[in-house]
Undergrad: 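Starting off with a structure, shown below.
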Amino acid sequence: MTLTQALSARLTELMKEKNLTAYRLSMLTGVNQTTIGDIRHMRNKAVNVRILFELCQGLGIEIKDFFDSPLFLNENITD
């Protein structure tokens, strides 16, 4: 799995867990809905750390919790 795929999968997983749509997350964070969609659909290969931080705030988690997933283990990332 690429890092882009892992970011997409984790964001989608957390949004489902919190029952949030891209629109609602956008309203909570101020991050453009298109940006959220670009991350989820892997059109954004380089996610800005500030954007990720803001998304985590909207999800109600710490940024460290975003990466606390087997998706981000070194052996699972191919790029």
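Position 1 is the first residue of the sequence; numbering continues from there.
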Undergrad: For R43, I'd like to know if atom CZ has over 12 heavy atoms of other residues, nucleotides or ligands within 6.0 Å.
TA: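 Atom CZ in R43 is crowded, with more than 12 foreign heavy atoms closer than 6.0 Å.
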
Undergrad: Applying the 4.5 Å side-chain criterion to the ILVMFWY set and letting contacts propagate, would F66 and M42 be lumped into a single cluster?
TA: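 Different clusters.
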
Undergrad: Calculate, to the nearest 0.5 Å, the distance between atoms CG and CG belonging to L52 and L7 respectively.
TA: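 Nearest 0.5 Å value for the CG-CG distance: 7.0 Å.
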
Undergrad: Search all heavy atoms of Q33 against all heavy atoms of Y23 and return the closest pair with its distance.
TA: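 Scanning both residues completely, I find the closest heavy atoms to be OE1-CD1, 3.5 Å.
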
Undergrad: Can M15 and T21 be said to form a side chain to side chain contact (heavy atoms under 4.5 Å, CB included), step by step?
TA: CA-CA 7 Å; M15 287 174 64; T21 63; 5.5 Å; no

Undergrad: Measure across Q5 and M1 and return the closest heavy-atom pair with its distance rounded to 0.1 Å.
TA: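 Scanning both residues, the minimum pair turns out to be OE1-CA, 3.3 Å.
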
Undergrad: Could you grab the distance from atom CG of N19 to atom CZ of R24, nearest 0.5 Å is fine?
TA: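 Rounded to the nearest 0.5 Å, the CG-CZ separation comes to 11.0 Å.
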
Undergrad: Angle class for the F67/F72 ring planes (parallel below 30°, perpendicular above 60°, tilted otherwise)?
TA: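 Geometry flag for F72 against F67: perpendicular rings.
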
Undergrad: Quick one: CD on E54 to CD1 on I36, what's the gap to the nearest 0.5 Å?
TA: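 Nearest 0.5 Å value for the CD-CD1 distance: 10.0 Å.
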
Undergrad: Could you report the tightest heavy-atom contact between R40 and A22, atom names first, then the distance?
TA: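 Heavy atoms only, the tightest pair is NH1-CB, 4.5 Å.
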
Undergrad: So which atom in G58 and which in T29 form the shortest heavy-atom distance, rounded to 0.1 Å?
TA: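 Taking every non-hydrogen atom into account, CA-CG2, 3.5 Å.
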
Undergrad: Has N44 got a side-chain atom pairing as donor or acceptor with T35's backbone, closer than 3.5 angstrom?
TA: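 No; zero donor-acceptor contacts below 3.5 Å.
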
Undergrad: At what distance, to the nearest 0.5 angstrom, does CG of L3 lie from CG of N76?
TA: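 Going from CG on L3 over to CG on N76, the span is 12.0 Å.
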
Undergrad: Kindly compute the distance separating OG1 (T4) from NE2 (H41), expressed to the nearest 0.5 Å.
TA: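 T4 atom OG1 to H41 atom NE2 measures 14.5 Å (nearest 0.5 Å).
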
Undergrad: More than 12 heavy atoms of other residues, nucleotides or ligands under 6.0 Å from CD of E62: yes or no?
TA: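 Counting other residues, nucleotides and ligands, CD of E62 stays at 12 neighbours or fewer.
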
Undergrad: What is the distance from atom CG of L59 to atom CD of E17, rounded to the nearest 0.5 Å?
TA: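 Going from CG on L59 over to CD on E17, the span is 9.0 Å.
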
Undergrad: According to a 4.5 Å side-chain heavy-atom criterion applied to Ile, Leu, Val, Met, Phe, Trp and Tyr, with indirect links allowed, do L25 and M27 form part of one hydrophobic cluster?
TA: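 No: no chain of side-chain contacts under 4.5 Å links L25 to M27.
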
Undergrad: Any heavy-atom pair between the side chains of I61 and D68 that's under 4.5 Å?
TA: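 When only atoms from C-beta onward are counted, I61 and D68 do not touch, as no gap falls below 4.5 Å.
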
Undergrad: Indicate the atoms forming the closest heavy-atom contact of S26 with V31, along with that distance.
TA: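 Nearest heavy atoms, S26 then V31: OG-O, 2.7 Å.
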
Undergrad: Begin from the C-alpha positions of I39 and L55 and carry the test side chain to side chain contact (heavy atoms under 4.5 Å, CB included) through to its verdict.
TA: CA-CA 11 Å; I39 296 168; L55 292 173; 3.9 Å; yes

Undergrad: Look at atom CZ of F53 and say whether more than 12 heavy atoms of other residues, nucleotides or ligands are closer to it than 6.0 Å.
TA: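 Not more than 12 within 6.0 Å, no.
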
